[in-house]
Amino acid sequence: MRRLIFLLILLTLVGCSSRTRYTVNTDLIGFIPANTRSNSFPAGSATLVIPGEAGQQVSSPQLDIIESGRIKAKVNVNNTGATPLVGSFEIRLGPGSDSNINDNNGGDFAVGTTELNVPAGSLGTVTIDLPLSSSENQNALALIKKASFRIALKLSVSSAGGSYSIQQAQVSVTGRPFAVIQ
């Protein structure tokens, strides 16, 4: 019986090594209130921070060593006006303690920004896909490695009116569940 237990433990440990990597995906759409996942915006200039100025607090994955990651966001923008819709879309990050991640104060910042230009009466899609590593978007990866962080999507538009719909918002990190000497 002792040998059987020892053999089972040994076989379990063989499956884990310093090369074992786990990817933890956090689907942020579930954290965004349903009434702000899609909504309309008025004619003129509008700035929408979704889910709000405080952003959404997210607990960092329970991995001892986070090596890399990715942040993806995709939003459909419907221009219902008779003039072109122009603006920008960005992903905002901040520390878990920051209550306003849209003021560039307290450690918050834009991690990715792209421009919008949707012709009159058309539907446009804007996507941000950011790799996180020791050589790309290092400040975002360092923030995600902390106990918690805040994230928000910011849509700034100038138009004759329209609507948006969040299609994807995801943070993925890859790492090891335990620290080892290599």
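No experiment lies behind these values; they were computed from the predicted model shown.
A continuous path of ILVMFWY side-chain contacts below 4.5 Å connects Ile29 to Val171, so both sit in one hydrophobic cluster. No path of Ile, Leu, Val, Met, Phe, Trp and Tyr side chains, each step under 4.5 Å between heavy atoms, connects Leu123 with Val157, placing them in separate hydrophobic clusters. Leu28 and Ile101 fall into different hydrophobic clusters, where Ile, Leu, Val, Met, Phe, Trp and Tyr are joined by side-chain heavy atoms under 4.5 Å apart, directly or via other members. Cluster membership check: Ile71 shares its hydrophobic cluster with Phe31, using side-chain heavy-atom separations under 4.5 Å among Ile, Leu, Val, Met, Phe, Trp and Tyr.
Between Gln170 and Asn25, some side-chain heavy-atom pair lies under the 4.5 Å cut-off. No side-chain heavy atom of Thr47 sits less than 4.5 Å from a side-chain heavy atom of Phe41. Using a 4.5 Å cut-off on side-chain heavy atoms (C-beta onward), Ile66 and Leu132 make no contact. Put simply, the side chain of Leu143 reaches to within 4.5 Å of the side chain of Pro95, judged on heavy atoms. Side-chain atoms of Val49 and Glu90, non-hydrogen and from C-beta on, never get closer than 4.5 Å to each other. Taking the side chain as every heavy atom from C-beta outward, Val75 and Ile50 never approach each other to under 4.5 Å. The shortest distance between side-chain heavy atoms of Val58 and Ile151 falls below 4.5 Å. Leu155 is not listed as a side-chain neighbour of Leu153, based on a closest heavy-atom distance of 4.5 Å or more.
For Gln57, the side-chain contact (heavy atoms from CB on, under 4.5 Å) test picks out Ser148, Arg150, with sequence neighbours left out. By the salt bridge (Lys or Arg N to Asp or Glu O under 4.0 Å) test, Arg37 is found to be paired with no residue, residues two or more places apart in sequence or in another chain being considered. Residues forming a salt bridge (Lys or Arg N to Asp or Glu O under 4.0 Å) with Asp103 (at least two apart in sequence, or on another chain): none.
In this structure, Ser60 contributes its side chain and Ile144 its backbone to a donor-acceptor pair below 3.5 Å.
Counting all heavy atoms, side chain and backbone alike, Asn102 lies closest to Asn100 at N-OD1, 2.9 Å.
To the nearest 0.5 Å, atoms OG (Ser158) and CG (Leu116) are separated by 11.0 Å.
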